[in-house]
Amino acid sequence: MVDDLTTRRLVMAAVAGPPADQPERANGFACGGLKTSQVWQGTCGWSKPKESHQVVLFIRKCERGVFEGVIWYPTLGDGLMTVSGKTSPDGSVLFTEDKVLYGELTHTRPGVLAGSKFTAKLSCSTLEGTGEWSDPKTDERVAMEIALKLAE
(Lines give C-alpha, C1' and ligand atoms only; values in the text may rest on other atoms or scores of the structure.)
Protein backbone atom coordinates (compact mmCIF):
# COMPACT_ATOMS: atom_id res chain seq x y z
CA MET A 1 0.00 0.00 0.00
CA VAL A 2 1.23 3.50 -0.83
CA ASP A 3 1.69 5.70 2.25
CA ASP A 4 0.49 9.32 2.50
CA LEU A 5 3.93 10.85 2.02
CA THR A 6 4.52 8.80 -1.13
CA THR A 7 1.13 9.86 -2.48
CA ARG A 8 1.91 13.54 -1.85
CA ARG A 9 5.26 13.16 -3.61
CA LEU A 10 3.58 11.49 -6.62
CA VAL A 11 1.06 14.33 -6.88
CA MET A 12 3.73 17.02 -6.63
CA ALA A 13 5.94 15.26 -9.19
CA ALA A 14 3.00 14.91 -11.58
CA VAL A 15 2.17 18.61 -11.25
CA ALA A 16 5.81 19.48 -12.00
CA GLY A 17 5.45 17.78 -15.39
CA PRO A 18 6.50 14.62 -17.18
CA PRO A 19 10.07 13.40 -17.17
CA ALA A 20 12.08 14.34 -20.27
CA ASP A 21 12.43 10.67 -21.19
CA GLN A 22 8.62 10.23 -21.45
CA PRO A 23 7.59 12.58 -24.30
CA GLU A 24 4.29 10.72 -24.84
CA ARG A 25 3.10 12.07 -21.45
CA ALA A 26 4.12 15.59 -22.47
CA ASN A 27 1.74 15.44 -25.42
CA GLY A 28 -1.30 14.71 -23.24
CA PHE A 29 -3.78 11.85 -23.56
CA ALA A 30 -6.19 10.85 -26.24
CA CYS A 31 -9.79 11.72 -25.53
CA GLY A 32 -11.87 8.89 -24.12
CA GLY A 33 -12.27 9.23 -20.39
CA LEU A 34 -10.23 9.31 -17.25
CA LYS A 35 -7.03 7.30 -17.29
CA THR A 36 -4.64 5.94 -14.69
CA SER A 37 -1.92 8.46 -13.70
CA GLN A 38 -3.70 11.49 -15.12
CA VAL A 39 -3.36 14.79 -13.27
CA TRP A 40 -6.09 17.46 -13.33
CA GLN A 41 -5.57 21.01 -12.00
CA GLY A 42 -7.97 23.83 -11.34
CA THR A 43 -10.25 25.23 -8.67
CA CYS A 44 -12.95 24.11 -6.29
CA GLY A 45 -15.26 26.69 -4.74
CA TRP A 46 -18.18 26.70 -2.36
CA SER A 47 -20.97 28.96 -1.22
CA LYS A 48 -20.56 29.10 2.59
CA PRO A 49 -18.31 30.99 2.95
CA LYS A 50 -18.02 32.11 -0.67
CA GLU A 51 -14.48 31.16 -1.65
CA SER A 52 -12.44 29.18 -4.15
CA HIS A 53 -9.21 27.21 -3.76
CA GLN A 54 -6.59 25.64 -6.00
CA VAL A 55 -7.00 21.87 -6.34
CA VAL A 56 -5.08 18.99 -7.96
CA LEU A 57 -6.74 15.65 -8.75
CA PHE A 58 -4.49 12.64 -9.35
CA ILE A 59 -6.12 9.52 -10.85
CA ARG A 60 -4.28 6.65 -9.17
CA LYS A 61 -6.22 3.85 -10.89
CA CYS A 62 -9.02 3.73 -13.47
CA GLU A 63 -10.52 0.51 -14.81
CA ARG A 64 -13.84 -0.11 -16.59
CA GLY A 65 -15.19 3.31 -15.66
CA VAL A 66 -14.38 3.06 -11.93
CA PHE A 67 -11.55 5.17 -10.53
CA GLU A 68 -9.62 5.92 -7.35
CA GLY A 69 -7.26 8.75 -6.65
CA VAL A 70 -6.31 11.61 -4.40
CA ILE A 71 -7.26 15.26 -4.37
CA TRP A 72 -4.90 17.88 -2.98
CA TYR A 73 -5.83 21.35 -1.72
CA PRO A 74 -2.43 23.10 -1.38
CA THR A 75 -3.96 26.35 -0.04
CA LEU A 76 -6.13 24.60 2.57
CA GLY A 77 -3.51 23.33 4.99
CA ASP A 78 -1.98 21.14 2.27
CA GLY A 79 -5.12 18.97 2.60
CA LEU A 80 -5.02 15.59 0.88
CA MET A 81 -8.01 13.22 0.52
CA THR A 82 -8.80 9.96 -1.21
CA VAL A 83 -11.44 10.10 -3.94
CA SER A 84 -13.42 7.41 -5.71
CA GLY A 85 -15.94 7.53 -8.49
CA LYS A 86 -17.24 6.31 -11.78
CA THR A 87 -17.48 7.56 -15.34
CA SER A 88 -20.11 6.97 -18.00
CA PRO A 89 -19.64 6.67 -21.78
CA ASP A 90 -21.48 10.01 -22.21
CA GLY A 91 -18.75 11.81 -20.20
CA SER A 92 -20.62 12.03 -16.90
CA VAL A 93 -18.41 11.66 -13.84
CA LEU A 94 -19.58 11.05 -10.27
CA PHE A 95 -17.03 11.12 -7.45
CA THR A 96 -16.74 11.50 -3.69
CA GLU A 97 -13.99 12.86 -1.46
CA ASP A 98 -13.83 9.81 0.81
CA LYS A 99 -11.18 10.16 3.51
CA VAL A 100 -8.78 12.84 4.76
CA LEU A 101 -5.18 11.59 4.54
CA TYR A 102 -3.55 14.83 5.67
CA GLY A 103 -4.60 18.34 6.68
CA GLU A 104 -7.99 17.84 8.31
CA LEU A 105 -9.76 21.09 9.29
CA THR A 106 -9.50 21.98 12.98
CA HIS A 107 -10.50 25.01 15.08
CA THR A 108 -6.89 26.21 15.00
CA ARG A 109 -5.84 25.61 11.39
CA PRO A 110 -7.32 25.61 7.88
CA GLY A 111 -7.81 22.25 6.24
CA VAL A 112 -10.19 19.89 4.45
CA LEU A 113 -13.22 17.78 5.33
CA ALA A 114 -14.21 14.57 3.55
CA GLY A 115 -17.68 13.79 2.25
CA SER A 116 -18.15 16.12 -0.71
CA LYS A 117 -19.96 14.52 -3.66
CA PHE A 118 -19.53 15.82 -7.21
CA THR A 119 -21.31 15.41 -10.53
CA ALA A 120 -19.22 16.62 -13.46
CA LYS A 121 -18.94 16.50 -17.24
CA LEU A 122 -15.71 15.28 -18.83
CA SER A 123 -14.43 16.56 -22.16
CA CYS A 124 -11.04 15.78 -23.68
CA SER A 125 -9.20 18.24 -21.45
CA THR A 126 -11.71 19.63 -18.94
CA LEU A 127 -13.72 18.29 -16.02
CA GLU A 128 -16.38 20.70 -14.77
CA GLY A 129 -19.33 20.29 -12.48
CA THR A 130 -21.09 20.88 -9.21
CA GLY A 131 -21.03 19.23 -5.85
CA GLU A 132 -22.32 19.33 -2.33
CA TRP A 133 -20.93 18.84 1.14
CA SER A 134 -23.32 17.99 3.96
CA ASP A 135 -22.38 18.61 7.61
CA PRO A 136 -22.91 15.26 9.36
CA LYS A 137 -23.79 17.00 12.65
CA THR A 138 -26.31 19.58 11.41
CA ASP A 139 -27.19 18.32 7.90
CA GLU A 140 -26.39 21.84 6.62
CA ARG A 141 -25.58 21.64 2.91
CA VAL A 142 -22.93 23.64 1.07
CA ALA A 143 -23.07 23.97 -2.73
CA MET A 144 -19.77 23.53 -4.57
CA GLU A 145 -18.32 23.97 -8.06
CA ILE A 146 -15.26 22.32 -9.55
CA ALA A 147 -13.39 23.26 -12.74
CA LEU A 148 -10.32 21.24 -13.72
CA LYS A 149 -8.06 21.01 -16.76
CA LEU A 150 -5.91 18.06 -17.73
CA ALA A 151 -2.29 18.85 -16.88
CA GLU A 152 0.17 18.47 -19.74
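This chain uses plain numbering: 1 for the first residue, then up along the sequence. Keep in mind that what you see is a predicted model, and the values were worked out from it rather than measured.
- In terms of heavy atoms, Leu122 sits closest to Gly33 at CD2-CA, 3.4 Å.
- Considering CE of Met144 and OG of Ser47, their distance stands at 9.0 Å, rounded to 0.5 Å.
- More than 12 heavy-atom neighbours from other residues, nucleotides or ligands sit within 6.0 angstrom of NZ on Lys121.
- Across every non-hydrogen atom of Val39 and Phe58, the tightest pair is CG2-CD1, 3.7 Å.
- With hydrogens and angles disregarded, a donor-acceptor distance shorter than 3.5 Å links the side chain of Thr82 to the backbone of Lys99.
- Of the inter-residue distances, the one linking Leu34 atom CG with Lys86 atom NZ reads 14.0 Å to the nearest 0.5 angstrom.
- Residues Lys35 and Ile59 fail the side-chain proximity criterion, which asks for heavy atoms closer than 4.5 Å.
- Closest of all the heavy-atom pairs between Tyr102 and Val112 is O-CG2, 4.1 Å.
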Steps toward side chain to side chain contact (heavy atoms under 4.5 Å, CB included) verdict (Leu127, Leu57) | CA-CA 10 Å; Leu127 181 63; Leu57 173 65; 4.2 Å; yes

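- For the atom pair CD (Glu68) and CZ (Arg60), the distance works out to 7.5 Å, reported to the nearest 0.5 Å.
- Between Gln54 and Thr75, the shortest heavy-atom contact is N-OG1, 3.9 Å.
- Scanning both residues, Cys44 and Phe118, for their nearest heavy atoms gives SG-CZ, 3.9 Å.
- Atom OG1 of residue Thr130 and atom CD of residue Glu145 lie 7.5 Å apart, to the nearest 0.5 angstrom.
- Shown here are the ring-ring contact (aromatic ring centres under 6.0 Å, His included) partners of Trp46, two or more places apart in sequence or in another chain: His53.
- Here the straight-line distance linking atom NZ of Lys149 with atom OG1 of Thr43 works out to 10.0 Å at 0.5 Å rounding.
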Let me see the working for Asp78 and Trp72 under side chain to side chain contact (heavy atoms under 4.5 Å, CB included), right down to the final yes or no.
-> CA-CA 7 Å; Asp78 233 4; Trp72 177 41; 2.8 Å; yes

Sequence neighbours excluded and cut-off under 3.5 Å, please list the side-chain donor-acceptor pairs for residues 89-97, or say none.
| from | atom 1 | to | atom 2 | distance (Å) |
| --- | --- | --- | --- | --- |
| Asp90 | OD1 | Ser92 | N | 2.9 |
| Asp90 | OD1 | Ser92 | OG | 2.9 |
| Asp90 | OD2 | Ser92 | OG | 3.3 |
| Glu97 | OE1 | Ser116 | OG | 3.3 |
| Glu97 | OE2 | Tyr73 | OH | 2.6 |

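- In the hydrophobic cluster analysis, where Ile, Leu, Val, Met, Phe, Trp and Tyr join through side-chain heavy atoms closer than 4.5 angstrom, Leu105 is grouped together with Trp133.
- The salt bridge (charged side-chain N to carboxylate O under 4.0 Å, His left out) contacts involving residues 128-138 comprise Glu132-Arg141, where partners must be two or more places apart or lie in separate chains.
- Taking all atoms of both residues into account, the shortest heavy-atom contact from Cys124 to Trp40 is O-CH2, 4.3 Å.
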